[in-house]
Every structure is written in structure tokens, then in C-alpha cells.
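Everything below concerns the one structure shown next.
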There are 2 protein chains.
Amino acid sequence: MNRELLLLGLLRHKDMHGYELHEFINRDMAFCTDIKKPTAYNILQKMAESGWVTEIEEQDGNRPPRKVYQITSEGEQVFQKLLRENLQQHHQARFTDDIGLAFIDAIPSEEAILLLKKRRAILQHEFDVLNRPHSKAHSRGGMKLILEHQRRHLQAEIDWLDDVITRLTKEDI
Amino acid sequence: MNRELLLLGLLRHKDMHGYELHEFINRDMAFCTDIKKPTAYNILQKMAESGWVTEIEEQDGNRPPRKVYQITSEGEQVFQKLLRENLQQHHQARFTDDIGLAFIDAIPSEEAILLLKKRRAILQHEFDVLNRPHSKAHSRGGMKLILEHQRRHLQAEIDWLDDVITRLTKEDI
DNA sequence: GGGCGCATGTAATGAGTTACATGATTGA
DNA sequence: TCAATCATGTAACTCATTACATGCGCCC
């Protein structure tokens with residue numbers, strides 16, 4: 001239901017059509033989530049059927065018609081419920097990238113160090129991108145919170161990886 | 001392919017049957033991953049078909065027969081390849097719990113604080129469980145690494161949540 | 001005698017992705 | 001004129017989950 005929460009939350013702010021929602025999420029929220037087009041269209045359709053949003057087809061000249069969605073009062077109630085559920089929950093993070101670490105002793109430590117340095121470079125790049133000046137969409141309170149969360153998370157990741165690499169260098173696994 | 005890596009890595013250490021592998025993963029690796037029984041059995045079957053492992057049916061008295069898996073040299077090669085791929089990769093963490101934060105201004109801050117404190121309690125509990133004395137399976141080098149990773153991650157999460165709660169208290173969103 | 005642990009599996013379902021299909025407008 | 005952007009959608013597929021089914025041994 002987190003995708004529904006996301007879409008409803010954005011529609012609360014402003015009526016939008018599917019393409020627009022998809023674009024916003026994948027451009028301005030890429031650092032924390034994503035959604036594919038068919039998924040977005042599909043969920044919007046279902047929410048319209050459930051009465052959470054209204055669907056109005058709009059034609060602008062000869063352009064392809066677009067379906068503009070507007071949140072209903074029922075949708076607002078669902079949003080309020082989903083938001084409260086989301087805020088009080090915590091889901092354990094599963095880092096699939098960790099699996100390999102369990103077997104790191106299966107390869108020579110010099111090689112492991114090289115591979116982990118490659119991983120570190122990707123991580124560092126992600127961190128740098130995050131710290132680049134960003135769009136105005138991120139100046140809103142909530143968005144800043146999420147941005148800060150990612151920043152802290154990535155910093156912790158880098159610190160940890162550096163620690164692992166240091167320990168491997170000292171053969172202190 | 002991370003599940004394959006996991007199963008191969010465990011089989012490298014010791015021949016095991018499906019039930020045993022499933023049990024080990026869900027008991028001793030619950031803090032970082034999980035696997036359901038049908039998934040485990042299914043992957044093992046496929047790996048046997050691919051020749052990565054051999055499957056030998058063993059009967060112990062009148063008990064249900066069990067299929068013991070042993071890694072082959074081909075499986076070892078696949079393991080080595082998967083391990084290297086895994087170590088040099090990094091996948092961006094997606095925290096679905098963050099979505100709600102984007103819309104935190106939609107509810108009164110006192111209520112948001114209460115909800116986030118509930119979230120913090122869950123987080124703290126997870127952290128405490130992680131720091132409890134743990135099974136001997138975790139004394140191996142790689143496992144200790146993953147355990148340490150989780151610890152660092154959870155600490156960063158708690159620190160960040162505390163920060164958010166403090167800012168909400170000061171109405172400084 | 002009833003429930004739990006051991007041991008394996010099948011079938012249905014679900015969430016989401018990829019690949020594909022369509023067609024108009026806009027800019028180089 | 002060719003590619004990119006706008007705009008929506010269907011169909012097939014993957015991965016993993018839940019629910020279901022089976023049957024023995026063991027302990028209370």
C-alpha cells in the first residue's frame with residue numbers, strides 16, 4: 001500500500017495524470033523510490049475503481065488525451081489511514097549485497113579488497129549525486145527529511161565499508 | 001542470484017538437505033536475510049538440474065527420506081563468479097518506510113511524534129535483539145561482518161529518527 | 001490421542017517488471 | 001526526416017509468497 005500512499009499523497013497536493021506522476025516520482029524522488037509506468041497506470045486505474053480518486057479524460061488540441069486524477073474525500077480518508085500506518089511502522093532492512101560478505105574468506109583478501117573498493121566507488125558516487133544541488137521539489141519539509149535520511153544512511157555505509165577494507169588489509173577478518 | 005550464492009556458499013561448507021538449509025538461514029541468518037521453504041526447495045532442485053549440486057536421496061529408518069545436496073566443481077565455479085559479482089556491486093537501498101515522511105505535514109506534529117516514537121520503539125527492539133549474545137554460527141568472520149553492518153545501520157537509523165523527532169518537537173520541520 | 005517437529009513438495013496468487021504497441025507533437 | 005517527448009495501455013513473464021497436502025516419529 002506504500003505506492004498507493006505515494007500516489008494519493010502527490011494527488012492531494014495537485015491533480016495530475018499518470019504520465020506526470022510517473023515522471024515526478026522517477027525524476028524528483030529517484031533517490032528514495034521508483035515506479036514503472038505500467039505499475040503507476042495500473043494502480044491509478046484500480047484506485048479510480050475503488051473510488052479513491054476520480055478519473056477525468058482531458059483533451060488538449062490534437063495531443064494524446066490524458067486522464068487526470070483527483071483525490072476524493074474517500075481517498076483522503078484512505079490516505080490519512082495509510083499515512084498513520086506508515087509512520088508507526090518499521091521494516092527490517094535486508095541488504096542482499098551482504099550475502100557475499102558471509103563468504104569473503106573464500107577468496108584471497110587482496111582480491112576481496114579490490115572488489116570492495118569498486119563497491120566503495122559506486123557508493124561514493126551515489127553519495128556525491130545526493131549532495132549535489134537538487135531540484136526545488138526537495139525543499140519541502142518532508143522531502144528534506146528523506147534526503148537527510150539517505151545522506152546519513154550512505155555515510156554509515158561508507159564508514160562501515162572503509163572499516164571492512166581496513167580490517168581485510170590487516171588480515172584481521 | 002543472491003539466493004543461489006547463499007545456498008552454494010552454505011553447501012560449500014557442508015553437505016545439507018533442504019530442510020536443514022532453510023532452518024539454518026531462518027534461524028541463524030534471520031538478522032540479514034530469509035528464505036521460504038518452497039523457494040529453497042525449488043532453487044535446490046533447479047541447481048541440481050543445472051549440475052551445480054548433486055542430489056542424493058538418503059533414508060534414515062522409516063523417517064521421511066531427505067535429499068542431501070553436495071556442491072559440484074561446476075557449482076564451485078558458479079559460486080566463485082557470483083561471489084565476485086556480489087562483492088563489487090552496490091544496490092541503492094530503498095526504504096519504503098520513508099514514503100510517509102514525505103507527507104508528514106499532513107497530520108498534526110504532536111500526533112506524528114507519537115507515531116514516530118512507536119516506530120523508534122520497534123527499531124530499538126530490533127537493535128537490542130541484535131546485540132543479545134548470539135549463536136556460535138555468528139562467530140565466523142563473514143557473519144561477524146554482516147552483524148556489524150546491521151548494528152551500524154540500526155544505530156544510524158535510531159540517530160536519524162531521534163533527530164526527526166527532536167525537530168518535530170521544535171516545530172522545525 | 002493430539003500436537004509438534006521432521007521432510008518434501010504442488011498449486012494458486014500476487015506484485016511488479018519487461019517488452020511490445022500505438023500515435024501525435026516538437027525540435028534539430 | 002529522424003529522434004525525442006508526450007501519453008496510454010496490453011501481454012507475457014519472473015520471482016517469490018501463501019495455502020494446501022502428505023506422512024512418519026516422538027513426547028506428554
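No experiment lies behind these values; they were computed from the predicted model shown. Order of the sequence lines sets the chain letters (A, B, ...), proteins ahead of strands, with each chain counted from 1.
Distances shorter than 4.0 Å separate none of the side-chain N or O atoms of A:R3 from OP1 or OP2 on C:dA15. The side chain of A:Y19 contributes an N or O atom lying less than 4.0 Å from OP1 or OP2 of D:dC6. Dashed line: the shortest gap from a side-chain N or O of B:R66 to OP1 or OP2 of D:dC24 is not under 4.0 Å.
Per the geometry, OH belonging to A:Y41 stands 19 Å off C1' belonging to C:dA15, to the nearest Å. Residue A:N42 contributes atom CG, which lies 12 Å from atom C1' of C:dG14 at whole-angstrom precision. If you measure from atom CD1 of B:I25 to atom C1' of D:dT17, you get 16 Å, rounded to the nearest angstrom. Distance, B:H22 NE2 to D:dT18 C1': 13 Å, rounded to whole Å.
Among the atoms of the strands shown, only primed sugar atoms or phosphate atoms (P, OP1, OP2) are found under 4.0 Å from some heavy atom of B:E23.
For A:Y69 and A:H17, the distance between ring centers is not under 6.0 angstrom. For an aromatic pair to be called close, the ring centres must be under 6.0 Å apart, and A:H13 with B:F103 fails this. The ring of B:Y19 has its center no closer than 6.0 angstrom to the ring center of B:Y41.
Nearest-nucleotide positions on DNA chain C place B:P65 closer to the 5' end than the other of A:T39 and B:P65.
In this structure, CD on B:Q155 lies 8.5 Å from CG on B:N131, to the nearest 0.5 angstrom.
In this structure, the nucleotide among C:dG9, C:dT18, D:dT8 sitting nearest to the side chain of A:K37 is D:dT8.
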